[in-house]
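Counting convention: from 1, in listed order, for ligands and their atoms alike. Small disclaimer: the values here were computed from a predicted structure and weren't measured.
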Amino acid sequence: MSGRENFGSRAAVIMAMAGSAIGLGNIWRFPFIVGQYGGAAFILVYILCCFLLSLPILFSESVIGRRTHKNTFGAMEALAPRSSWKWLGLLTVVSPIIILSYYSVVGGWSIEYLFKSVTIQFRPDNAEIVTGMFGEFAASRAKVIACLLLFLGMTAGIVFAGVKKGIERFSKITIPVLFVLVLVIAVYSLTLPGAGEGIRYLVRPDFSKLTPDALAAALGQSFFSLSLGVGTMLTYSSYVSKDENLMASGVGTAVSDLMFAIFAGFAIMPAVFASGIAPAAGPGLVFETLPYIFAKMGTGGLVLSAAVAIIFFITILVAALTSSISMMEVGVAYLSEEKGISRTAATAGIFIFAFMVGILCVLRGSVFDFLDKLCSNFLLTLGALLFSLFVGWKMKKEDVKDELTNGGTLHTNVKLFPIIYFLIKYVAPVSIAVIFISGLVG
Ligand code: PHE
C-alpha cells in the first residue's frame with residue numbers, strides 16, 4: 001500500500017513493541033500477583049507462559065501483520081477474503097479502543113500524582129493524610145476528567161505525528177530512559193532498611209500456591225502485559241519491513257517486557273515492606289501505599305524523597321503513554337486505511353470516542369471495572385486464541401514459514417520453525433482454551 005510507513009530499524013521495532021508491552025500491567029499488577037501466587041514459583045510459571053504460549057501468539061500476530069502490511073481488519077480480509085474472520089479483524093479494532101478508554105483514566109491519575117510530587121505534597125508532616133488524597137482526588141470528577149483529557153491529548157498528539165515521527169521516535173527515546181528510571185528506584189528501594197522482607201515476597205518459592213487460578217493469572221497477565229489478542233502487535237508488525245527478523249524482534253520484546261516487570265517488582269515491593277504496609281494491587285498500591293512511603297521517606301531528606309516520587313510517577317506516565325499510543329494506532333490504521341478517513345480525522349475521532357467512554361468510567365466506577373474485566377479476562381484471551389487458530393489452521397504452513405524465516409534466509413529461524421509452528425498450531429490454542437474455559441466455569 002503506497003504511503004504506508006515502516007519502522008526504521010530493528011531497534012525501532014523492538015522499542016515500539018516493548019513500549020506497547022511495558023505499561024501499567026508491569027508496574028501495578030505484576031509485582032502483586034507474583035507475591036500472591038508464590039513468588040519465584042510463579043515467576044517460573046510466568047516465564048514458561050511467556051515463552052510457550054505468549055510468544056507464539058506474538059509471532060502469530062506478527063506474521064499476519066507483516067504478511068499483509070495492513071490494519072487488523074484489512075489483514076483478515078486480505079488473507080481470508082469475505083470470510084467470518086473479518087469479525088476477528090473488527091473485534092481487534094474495537095477492543096484496544098475500549099482498553100484505551102479506561103487505561104487513559106489511570107494515565108490521567110499519574111499526571112495528577114506527578115504534579116503532587118513536583119509540588120512536594122507527600123511530606124512527613126502530612127504522611128497520615130496522604131493515603132486519603134486519592135479518594136479526595138477521585139471525588140473531584142472535574143479534575144479527574146481534565147487529567148484524562150490531558151493524557152488522551154498527549155496520546156493523540158504522538159499518534160497524530162505518525163508511525164515514524166511520533167510512535168517510533170517517542171518509544172526510542174523513552175524506553176531506554178524507563179529502564180534507567182526503574183533501576184534507579186530499584187537500587188534505592190533495595191537499600192531501605194527492612195527491604196529484605198519485600199525481596200522474600202518476590203523470590204521465596206511457594207509451590208503450594210500454584211493453583212489453577214495462578215495459572216490463569218499468569219496467562220492473563222502475560223497476554224495483557226505483551227499487549228496480545230487485541231491487534232496492537234499485529235498493527236505494529238504491519239509497519240515492519242520485509243527484511244526484519246520477526247522472531248528476533250518478538251523475543252527482544254518479550255524479554256524487555258519480562259525484565260521490566262521484574263525490575264518493577266524490585267523497585268516497589270522492598271519499599272512497601274520496608275514501610276510495614278501490606279501489599280495491594282492496582283490503584284491502592286500506586287496511588288495510596290507508595291505516596292505514603294514517599295511521604296515517610298521525607299524524614300531522611302525532603303528533596304530525595306520528592307525526587308524518588310517524581311521519577312516514579314514520570315515512569316508510570318511514560319510507560320502508560322507508550323502503551324496507549326499503541327492502542328490508539330490500531331483504530332487510526334483501520335479508519336484511515338479502510339474508511340479513507342485522514343489520519344488527523346481518525347485520530348481525532350478515536351480521541352473523542354475514548355474520551356467519552358473514559359468520562360463514563362470516571363463517573364461510574366462499575367463501568368471501569370466492567371470494561372477492565374471484559375477486556376483482560378475475556379476479549380484478550382479470545383483474540384489470542386483466534387489469532388493462533390488463524391495462523392495455525394487457516395493460513396498455509398509455507399506462508400507462515402516464509403514470513404517467520406524471511407523466505408528461508410534466516411537459518412536459525414528455519415531450524416526453530418518446526419517447534420514454533422507446533423506451539424502455534426497445537427500447544428497455544430489447546431492450553432489457552434483449557435485455561436480460558438476453566439476460568440469461565442470456575
Ligand atoms: N501491555 C500494556 C501494559 O502492560 C497494556 C496493553 C494492553 C497495551 C493491550 C496494548 C494493548 O500495560
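- In summary, Glu403 and Arg67 engage in a salt bridge, as defined by a charged side-chain N under 4.0 Å from a carboxylate O.
- Residues meeting the side chain to side chain contact (heavy atoms under 4.5 Å, CB included) test with Ile341, sequence neighbours left out: Leu335, Lys339, Ala345, Ala346.
- Ion pairing of Glu61 with Arg66 is absent here, as no side-chain N (NZ or NE/NH1/NH2) approaches a carboxylate O to less than 4.0 Å.
- Between Trp28 and Phe287, the angle of the ring planes goes over 60°, which puts this pair in the perpendicular group of the 30/60° scheme.
- Rounding to the nearest 0.5 Å gives a distance of 8.0 Å between CD1 of Ile435 and CZ of Phe223.
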Any protein N or O within less than 3.5 Å of an N or O in ligand 1? List each pair with its distance, or say none.
{"unit_1": "ligand 1", "atom_1": "1 (N)", "unit_2": "Ser20", "atom_2": "O", "d": "3.2"}
{"unit_1": "ligand 1", "atom_1": "1 (N)", "unit_2": "Ala21", "atom_2": "O", "d": "2.9"}
{"unit_1": "ligand 1", "atom_1": "1 (N)", "unit_2": "Phe224", "atom_2": "O", "d": "2.8"}
{"unit_1": "ligand 1", "atom_1": "1 (N)", "unit_2": "Ser225", "atom_2": "O", "d": "3.0"}
{"unit_1": "ligand 1", "atom_1": "1 (N)", "unit_2": "Ser227", "atom_2": "OG", "d": "3.1"}
{"unit_1": "ligand 1", "atom_1": "4 (O)", "unit_2": "Ala21", "atom_2": "O", "d": "3.0"}
{"unit_1": "ligand 1", "atom_1": "4 (O)", "unit_2": "Gly25", "atom_2": "N", "d": "3.4"}
{"unit_1": "ligand 1", "atom_1": "4 (O)", "unit_2": "Asn26", "atom_2": "OD1", "d": "3.4"}
{"unit_1": "ligand 1", "atom_1": "12 (O)", "unit_2": "Leu24", "atom_2": "N", "d": "3.0"}
{"unit_1": "ligand 1", "atom_1": "12 (O)", "unit_2": "Gly25", "atom_2": "N", "d": "3.0"}
{"unit_1": "ligand 1", "atom_1": "12 (O)", "unit_2": "Tyr103", "atom_2": "OH", "d": "2.5"}

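- The only member of Phe351, Phe355, Phe151 that meets side-chain contact (heavy atoms from CB on, under 4.5 Å) when paired with Ser104 is Phe151.
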